[in-house]
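One structure is given below, encoded as structure tokens.
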Amino acid sequence: MTNLNDLQQVREFVQIADSGSISAAAKILGMAQPTLSRHLAALETQIGAPLIRRDTHTMSVTEAGRILLADARELLALADRLGKRLHGERRELRGHLRIVSVVDVGQWIVSRVLSRFRKLHPQVTMELHLINRPTKFVKEGFDCGVMVGGPTDRRVTTKKVAELNRRLVAAPSLLAEHAAPQRPADLSRLPWLGILQPHFYARDRVDLVRKGKVVKLKFAPVMLLDTVTALREAVIEGAGFTSVPEWMASRDIAAGRLVQLLPDWHIEPVDLHLAHASHEQLPERVRTLLEYLAAGIPEEIHKLDLGDR
């Protein structure tokens, strides 16, 4: 037997044998008697022997039917145990997850969301890789990831889940040496600090927006650093100005460590995406994690932006 109807046909045969007649089995199974008769005939064709001996008033199982019946009961018991086990694993997720994230979002946001996920699903183990370079997502074996900007691997599916608001900032010490900018063109007088990786938005350019007007600026970086956290430290030391996430900027501005530049202008937010390999059927643990991240990441960003953490 090779097709997907085999198990159901076997189950129907066992019911016929247990019920003593096709009509009685059809009532129990909720099927029309002619339909059940056709299924039995198809099973007999696959077996190559009659399974039920019929006459006008009685029905009996043939020798081939008795042999199949014993094996069929074991097969159905095994199938039922497997179904219960798979159903249980859907309720209680198990297995290992490999997640990748851009560094700063992973440190500040993803790690917290994953920790809450683990409390809900303690049988799941996971590893979080913090990487800012473009990843060969599928080749490196990641189940899912959190990405800034567009995908760098054509074999992944991405979904936008949040936006990262940013501010232009500089240290008071830098502004003591250079006049504070009054308009976007004045920014060219200040040293710019950018993100090292070229696929990120903030390497050497900024788009400023005010009342529908967009000003596109391009800078020659005096320093390129690999993480936003490193950028923040360099800016606080007065090495230059840069853009940092809202959650970093608001705290440092309130503490007097940084000053927001051109507060009447705003920077276009950065899109944050969830990514996973382009499989038609994802494992249950991956699908569940993606749904959890899609809900949890925006909430965590909102808390940070409000200073609630």
Side-chain angles (χ1 to χ4, degrees), residues 101-109 132 146-150 160 162-273 297-298 300-309:
S101 173
V102 289
V103 174
D104 299 279
V105 172
Q107 289 176 328
W108 284 76
I109 297 167
N132 275 350
V146 181
M147 312 173 72
V148 169
K160 178 182 172 181
E163 293 181 343
L164 299 176
N165 294 315
R166 299 173 293 159
R167 295 192 195 180
L168 279 182
V169 293
S173 60
L174 182 74
L175 298 180
E177 300 174 11
H178 304 269
Q182 302 301 311
R183 58 186 186 276
D186 295 341
L187 292 171
S188 62
R189 301 198 306 262
L190 303 179
W192 166 256
L193 311 181
I195 283 285
L196 179 64
Q197 299 297 339
H199 64 289
F200 286 153
Y201 294 94
R203 179 182 173 92
D204 60 0
R205 64 194 65 215
V206 170
D207 292 349
L208 294 178
V209 182
R210 186 178 68 176
K211 297 179 181 179
K213 180 181 179 181
V214 180
V215 176
K216 295 181 176 293
L217 302 172
K218 184 173 173 60
F219 307 111
V222 299
M223 286 179 65
L224 292 172
L225 297 102
D226 198 30
T227 70
V228 176
T229 300
L231 275 178
R232 170 184 175 270
E233 296 299 322
V235 171
I236 289 174
E237 285 298 312
F241 80 105
T242 194
S243 66
V244 295
E246 177 75 26
W247 72 76
M248 285 187 186
S250 57
R251 296 184 182 197
D252 288 330
I253 291 169
R257 290 184 292 267
L258 294 175
V259 175
Q260 182 175 1
L261 304 180
L262 302 179
D264 292 339
W265 295 77
H266 75 272
I267 308 174
E268 285 294 298
V270 171
D271 292 339
L272 198 63
H273 294 86
I297 286 175
E300 198 65 26
I301 291 173
H302 185 63
K303 289 180 187 177
L304 285 164
D305 284 350
L306 292 178
D308 289 346
R309 261 189 43 199

- Message: Testing the basics here: between A171 and V235, what is the closest heavy-atom pair and its distance to 0.1 Å?
- Response: CB-O, 3.1 Å

- Message: Looking at N132 and D226, would you say the former's side chain and the latter's main chain have a donor-acceptor pair under 3.5 Å?
- Response: yes

- Message: I need the L196 CG to L231 CG distance, nearest 0.5 Å.
- Response: 10.0 Å

- Task: Check whether any side-chain heavy atom of D104 lies under 4.5 Å from a side-chain heavy atom of P245, and answer yes or no.
- Result: no

- Query: Got R203 and L224 here, is their nearest side-chain heavy-atom distance under 4.5 Å?
  - Reply: yes

- Apply the test side-chain contact (heavy atoms from CB on, under 4.5 Å) to residues F219 and L187: give CA-CA distance (whole Å), side-chain angles for both, the deciding distance (0.1 Å), then the verdict. CA-CA 9 Å; F219 307 111; L187 292 171; 4.1 Å; yes

- Query: What class does the angle between the rings of W192 and F241 fall in, given that below 30° is parallel, 30 to 60° is tilted and above 60° is perpendicular?
  - Reply: perpendicular

- Message: Quick check on side-chain contact (heavy atoms from CB on, under 4.5 Å): which of D252, T242, I253 does R167 satisfy it with?
- Response: I253

- Message: Just so I know, are the side chains of R232 and T227 near enough to count as touching, which here means a heavy-atom distance under 4.5 Å?
- Response: no

- Message: If I take atom CD from residue E233 and atom CZ from residue R257, how far apart are they, to the nearest 0.5 angstrom?
- Response: 9.0 Å

- Criterion side-chain contact (heavy atoms from CB on, under 4.5 Å) on L261 and L175, from CA distance to verdict: CA-CA 10 Å; L261 304 180; L175 298 180; 4.0 Å; yes

- Any donor-acceptor pair under 3.5 Å from Q107 side chain to V105 backbone: no

- Item | Smallest separation among heavy atoms of D204 and K218, with atom names | OD2-NZ, 2.7 Å

- Query: Going through the distances and angles, do L208 and H266 end up as a side-chain contact (heavy atoms from CB on, under 4.5 Å)?
  - Reply: CA-CA 6 Å; L208 294 178; H266 75 272; over 6 Å; no

- For R183, does the CZ atom sit with more than 12 other heavy atoms under 6.0 Å from it, leaving out its own atoms? no

- Item | Validation row: L174, P191 side chains within 4.5 angstrom (heavy atoms) | yes

- Query: Can you tell if the side chain of E163 reaches within under 4.5 Å of the side chain of D271, non-hydrogen atoms only?
  - Reply: yes

- Hey, are the side chains of I301 and W108 touching, using non-hydrogen atoms and a 4.5 Å cut-off? no

- Give the intermediate values and the outcome of side-chain contact (heavy atoms from CB on, under 4.5 Å) for residues V215 and K213. CA-CA 7 Å; V215 176; K213 180 181 179 181; 4.1 Å; yes

- Query: Would you say the side chain of S243 lies within less than 4.5 Å of the side chain of L168, judging by non-hydrogen atoms?
  - Reply: yes

- Task: Answer whether the closest heavy-atom distance between the side chains of I267 and V209 falls below 4.5 Å.
- Result: no

- Note on the structure: On a heavy-atom basis, the closest approach of Q260 and V169 is CA-CG1, 4.4 Å

- Item | Nearest atoms (heavy-atom pairs only) where S173 meets G238 | OG-CA, 3.7 Å

- Task: Please name the pair of heavy atoms, one in A234 and one in M223, separated by the smallest distance, quoted to 0.1 Å.
- Result: CB-CE, 4.4 Å

- Task: Could you tell me which non-hydrogen atom of I297 sits nearest to which non-hydrogen atom of A162, and how far apart they are?
- Result: CG2-CB, 4.4 Å

